[in-house]
Amino acid sequence: MESQSYKNHIRYYPPHHFVYYPIIMTFLAFSVYFSCTTEDKLIWNFISGIFIVLFCLAFMLRQHYALTLQNRIVRLELRYRYFTITGKKFEDLEHRLNDDQLFALRFAPDEELVPLTERAVNENLSGKAIKKAIVNWKGDFDRV
């Protein structure tokens, strides 16, 4: 596996991104085309609507459950890591950070986690700024 950094940390799921979505978009394009060029506009508008709904549902469902669970796991991992490094509970700082900041901190290695957490709280760094401030990126290869 290649080393992970800010520039390559986004992950694609090929069956959805490169198979399912292109097929649905192709069918949607054809159904819109037929709804504009044929006499049976009502049926083709209905078919187009079905493809739009399928596209939206697939996108929402694919990520909703996985991300909800992963968000909980990231929080638990940060609590554990912070406690093992400092001996203090992370929950005291956690409520002062938003989700974007918390999820960016997961990429910080142990030696950078505490100072970066303090900077994020004190300077209200954005998640993007936190990611860019990480010197030795700790890859998260399992995130969906």
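- Using a 30° and 60° split on the angle between ring planes, H9 and W137 fall in the tilted class, from 30° to 60°.
- T38 OG1 to I43 CD1: the interatomic distance, rounded to the nearest 0.5 Å, is 10.0 Å.
- In this structure, F103 and N71 have side chains that are in contact, with non-hydrogen atoms separated by less than 4.5 Å.
- I73 and F107 fall into different hydrophobic clusters, where Ile, Leu, Val, Met, Phe, Trp and Tyr side chains are chained together by heavy-atom contacts under 4.5 Å.
- By the 4.0 Å N-to-carboxylate-O rule, E111 lies too far from R81 to be salt-bridged with it.
- Side-chain N or O atoms of E123 include none that pairs as donor or acceptor with a backbone N or O of A120 at under 3.5 Å.
- Outside the 6.0 Å centre-distance limit, the rings of F83 and F90 are not counted as a close aromatic pair.
- Scored by the salt bridge (charged side-chain N to carboxylate O under 4.0 Å, His left out) test, D100 finds no partners at all (sequence neighbours excluded).
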Can you check side-chain contact (heavy atoms from CB on, under 4.5 Å) on T117 and E94, steps first, answer last?
CA-CA 9 Å; T117 301; E94 185 178 359; over 6 Å; no
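- Other residues, nucleotides and ligands contribute at most 12 non-hydrogen atoms within 6.0 Å of the NZ atom of K88.
- Surrounding CZ of F27 are at most 12 heavy atoms belonging to other residues, nucleotides or ligands under 6.0 Å away.
- No continuous path of ILVMFWY side-chain contacts below 4.5 Å connects L69 to Y80, so the two sit in separate hydrophobic clusters.
- If you take CG on L57 and CD1 on I52, they are separated by 12.0 Å, rounding to the nearest 0.5 Å.
- Between T86 and Y82 the shortest heavy-atom distance is OG1-O, 2.7 Å.
- Contact of the I23 side chain with the F51 side chain is not registered, since no non-hydrogen atoms from C-beta on lie closer than 4.5 Å.
- Annotation for F18: atom CZ counts as buried by contact number, over 12 foreign heavy atoms lying within 6.0 Å.
- Between A104 and G127, the shortest heavy-atom contact is CB-O, 3.3 Å.
- In this structure, K41 and C36 approach most closely via the heavy-atom pair NZ-O, 3.4 Å.
- Taken to the nearest 0.5 Å, the CD atom of Q4 stands 4.5 Å off from the CZ atom of F141.
- The cluster map of Ile, Leu, Val, Met, Phe, Trp and Tyr, joined by side-chain heavy atoms under 4.5 Å apart, puts L67 and L78 in different clusters.
- The structure places CG of L105 at 4.5 Å from CD1 of I130, a figure rounded to the nearest 0.5 Å.
- L93 CG to R79 CZ: the interatomic distance, rounded to the nearest 0.5 Å, is 12.0 Å.
- Closest non-hydrogen pair, P109 versus I134, comes out as CD-CG2, 4.0 Å.
- Residues Y20 and A58 approach most closely at CE2-CB, 3.3 Å, considering heavy atoms.
- The distance from the OG atom of S5 to the NZ atom of K132 is 12.0 Å, given to the nearest 0.5 Å.
- By the 4.0 Å N-to-carboxylate-O rule, R106 lies too far from E77 to be salt-bridged with it.
- Partners of E112 according to the salt bridge (charged side-chain N to carboxylate O under 4.0 Å, His left out) rule, which considers only residues two or more places apart in sequence or in another chain, do not exist here.
- Linking Ile, Leu, Val, Met, Phe, Trp and Tyr residues whenever their side-chain heavy atoms come within less than 4.5 Å leaves L76 and I85 in two separate clusters.
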How far apart are the C-alpha atoms of L28 and Y33, what are their side-chain angles, what is the distance that settles it, and do they pass the side-chain contact (heavy atoms from CB on, under 4.5 Å) test?
CA-CA 8 Å; L28 176 60; Y33 171 78; over 6 Å; no
